[in-house]
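Each remark here refers to the structure printed beneath this line.
In the text below, chain A, chain B and the rest are named by the order of the sequence lines, each starting its count at 1.
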Protein chains: 2
Amino acid sequence: MSVAKILVVEDEAAIRDMVRLALDKAGFETLEAEDTHQALQVFHDSRVDLLLLDWMLPGQSGLELARRLQREDRTREIPIIMLTARVEENDKVLGLEAGADDYITKPFSPRELVARIKALLRRSRPQAAESPVQVENLMLDPGSHRVSINDHAVTMGPTEFRLLHFLMTHQNRVYSRGQLLDQVWGHNSFVEERTVDVHVLRLRKALSKDGYDRYIQTVRGAGYRFSVQE
Amino acid sequence: MSVAKILVVEDEAAIRDMVRLALDKAGFETLEAEDTHQALQVFHDSRVDLLLLDWMLPGQSGLELARRLQREDRTREIPIIMLTARVEENDKVLGLEAGADDYITKPFSPRELVARIKALLRRSRPQAAESPVQVENLMLDPGSHRVSINDHAVTMGPTEFRLLHFLMTHQNRVYSRGQLLDQVWGHNSFVEERTVDVHVLRLRKALSKDGYDRYIQTVRGAGYRFSVQE
DNA sequence: GACAATTGTAACTTTGCTGTAACATCGATT
DNA sequence: AATCGATGTTACAGCAAAGTTACAATTGTC
């Protein structure tokens with residue numbers, strides 16, 4: 001996850017523009033939607049890391065959208081910041097109940113907005129703060145996004161990194177190509193299952209130093225496994 | 001469930017043909033219906049694992065069919081992918097609300113279609129994590145797909161693994177070759193019964209360490225049995 | 001905008017599993 | 001012990017799964 005994608009759901013074009021300007025400047029990628037329907041569309045088509053949601057929307061309200069996202073696995077973990085037009089206690093309470101993680105009242109400064117977003121992303125992205133995983137002299141550190149063998153850096157592509165991370169944190173269990181696609185590539189990718197093989201090959205090449213590729217094991221007819229044994 | 005059955009509800013013959021071609025090639029079994037009425041007929045007559053539903057149908061719309069399936073227990077769990085002719089916001093939202101799990105807009109590539117189907121089938125059939133089985137020092141763990149005797153790894157082919165798993169979870173009962181073919185090979189396999197003998201032999205060889213092959217017992221005239229006794 | 005890195009796919013190669021037939025052995029029945 | 005059906009064993013051809021390579025397309029970087 002290089003750049004966080006932030007979806008802004010807001011009917012007023014002026015506010016959308018202002019928000020986008022602020023987010024672009026802060027280095028985020030901005031997605032936009034004017035209403036709930038468009039928002040669902042965006043959720044379907046791309047990964048969203050954080051949702052900026054206006055509470056007062058034409059048609060289906062932001063509240064309903066939030067509740068809906070709570071119901072589905074794929075969207076449940078996405079942090080939500082709600083935008084409220086004024087300090088209305090009732091809205092806030094409802095919003096927090098519906099799964100909003102934070103709120104900000106208009107008018108707000110771009111600086112405050114960005115600060116809240118960063119804070120929330122930091123908190124809700126355990127991956128970034130996750131602890132390093134080590135197996136013998138093979139070490140993977142999610143924080144610095146580095147892999148090393150005997151303190152000697154090992155290079156690999158992003159996909160291989162995610163694959164290794166998943167496997168190291170789920171040792172001794174066999175995962176089918178399909179499961180790995182779900183876990184490592186994400187839920188809606190149209191990728192051939194055999195593609196997994198190629199990335200396993202690349203990962204093995206990267207780990208071949210000191211024979212650490214032996215831990216990436218093939219289980220014929222079942223999938224792949226990370227294990228120290230055998 | 002060896003081969004997934006997919007029902008295609010689509011009025012245009014050209015698209016039906018294209019879809020069937022793609023599904024056949026991907027190894028799925030295809031059922032077809034031109035309208036809602038025929039579709040209900042198919043649901044009545046056979047098991048359906050996934051529904052590909054055109055949204056624009058003559059007569060009763062796909063939307064109504066989806067809602068109807070939601071109402072009945074037997075069909076509620078069937079995942080639905082809807083086919084929409086064009087990007088029509090309203091349709092998509094209505095569809096997702098009516099219980100569609102995914103949608104795909106025409107024109108679509110066979111590859112994308114198959115990929116989405118596979119992903120959906122994978123997700124909607126979460127394999128229950130099976131627990132390890134142990135008999136004395138013989139241990140079989142479905143999760144890691146491993147067999148060991150006295151903590152020492154034992155290797156065998158996929159079929160022997162499935163056979164041993166079945167036998168260990170159904171001890172002290174005799175199974176005929178025919179029954180074993182059904183249980184271990186799958187319900188519609190055209191395999192000689194004597195093939196079972198060969199795999200039993202291979203399994204026995206694999207278990208011969210410490211004499212664990214003695215648990216795979218022949219019951220003359222009846223079949224095979226896994227038992228600790230005798 | 002040129003260059004490098006990464007990704008996904010297809011094609012080809014290699015590996016080893018699977019199913020079958022043929023032959024050997026065993027056990028029961030006469 | 002002779003016979004016959006059932007089971008054990010072996011060998012092998014075909015095939016499916018996994019490994020590998022090359023490449024085109026995309027993406028990121030300077």
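Along DNA chain D, the nucleotide closest to A:V198 and the one closest to A:R177 are compared, and the more 5′ of them pairs with A:R177.
Side-chain proximity of B:L201 to C:dG8, D:dA18, D:dT9: nearest is D:dT9. Checked against D:dT20, D:dA22, D:dT7, the side chain of A:R202 finds its nearest nucleotide in D:dA22. Each of D:dA18, C:dT9, D:dT21 was ranked by its minimum atom distance to the side chain of B:R111; first place goes to C:dT9. In the set C:dA10, C:dT18, C:dG8, C:dG8 carries the atom at the smallest distance from any side-chain atom of A:W185.
The CG-P distance, from A:D197 to C:dA11, rounds to 16 Å in whole Å. Rounding to whole angstrom units, CD of residue A:Q217 and P of D:dG19 are separated by 12 Å. The CZ-P distance, from A:F161 to C:dT7, rounds to 13 Å in whole Å. What separates CZ of A:R194 from C1' of C:dA11 is a distance of 11 Å, to the nearest Å. In this structure, B:E193 atom CD and D:dG8 atom C1' are separated by 17 Å, rounded to whole Å. For the pair B:R225 CZ and D:dT7 P, the interatomic distance rounds to 13 Å; values are reported in whole Å. Rounded to whole Å, atom C1' of C:dA11 lies 13 Å from atom CD of A:E192. Taking atom CZ of residue A:R220 and atom P of nucleotide C:dT14, one finds them 15 Å apart after rounding to whole Å.
How far OG of A:S227 is from NE2 of A:H170: 15.0 Å, rounded to the nearest 0.5 Å. Note: B:L113 CG to B:M18 CE = 7.0 Å, rounded to the nearest 0.5 Å.
Relative ring orientation between A:H165 and A:F161 is described as tilted, the plane-to-plane angle lying within the 30° to 60° band.
One axis for each end of the helix from C:dG1-D:dC30 to C:dT30-D:dA1, each built from five base pairs, and the angle between them comes to 30° at 10° resolution.
Among the heavy atoms of the strands lying under 4.0 Å from B:Y224 are primed sugar atoms or P, OP1, OP2 only; no base atom is included.
Applying the 3.5 Å distance criterion, the base of D:dG8 shares no donor-acceptor pair with the side chain of B:R204.
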